[in-house]
Amino acid sequence: MGAVQHDPATSRAAIRAFVRANHPDVGGDPEAFVAGLAELRDRRPRDRYDAPVVVVHRPRGIQGLVRRMRARWERRRRLPRVR
């Protein structure tokens with residue numbers, strides 16, 4: 001038997017339905033709302049946006065321009081990947 005597929009739309013729909021029904025602005029209990037929301041968020045699997053942020057330094061000015069021009073020139077001189 002295959003693995004169970006997770007549908008992110010269903011997870012978001014469940015969280016939104018819970019928020020509409022239990023939000024403190026519509027008369028819900030604040031402590032129960034926070035606990036229920038945390039439980040719903042813990043149940044859903046981590047998605048692709050939970051990865052760490054990686055910052056890449058790209059030189060600017062003349063050095064950056066020279067590097068970009070050199071990379072473009074090398075790409076144009078490279079043999080095609082498709083024969």
Side-chain angles (χ1 to χ4, degrees):
M1 201 180 226
V4 175
Q5 293 291 330
H6 179 288
D7 184 17
T10 307
S11 171
R12 283 192 303 268
I15 290 173
R16 290 174 65 106
F18 175 80
V19 168
R20 277 193 302 271
N22 298 310
H23 196 277
D25 288 346
V26 293
D29 181 32
E31 290 83 18
F33 175 73
V34 171
L37 194 58
E39 192 266 326
L40 279 172
R41 286 183 175 162
D42 287 341
R43 261 197 299 175
R44 73 177 181 189
R46 302 290 177 225
D47 57 0
R48 62 185 176 173
Y49 300 112
D50 290 340
V53 175
V54 178
V55 178
V56 178
H57 173 72
R58 297 179 74 187
R60 297 175 184 240
I62 297 297
Q63 288 179 342
L65 180 63
V66 170
R67 283 188 184 186
R68 287 190 301 272
M69 288 174 61
R70 186 174 293 145
R72 182 173 182 210
W73 177 254
E74 289 173 1
R75 280 194 308 268
R76 293 184 73 192
R77 294 184 63 199
R78 196 175 346 170
L79 294 174
R81 294 187 291 179
V82 180
R83 296 179 195 201

**OP:** Measure across Phe18 and Phe33 and return the closest heavy-atom pair with its distance rounded to 0.1 Å.
**Re:** CE2-O, 3.6 Å
Subject >> Least distance between heavy atoms, His23 atom then Asp25 atom >> reply: ND1-N, 3.0 Å
Original post:
Where is the tightest heavy-atom contact between Arg67 and Pro59, given as atom of each residue plus distance?
Top reply: NH1-CG, 3.4 Å
Original post:
Can you check whether Asp29 reaches Asn22 side chain to side chain, under 4.5 Å on heavy atoms?
Top reply: no
Subject >> Heavy-atom pair with the smallest gap, counting every atom of Pro24 and Pro30 >> reply: CG-CA, 3.9 Å
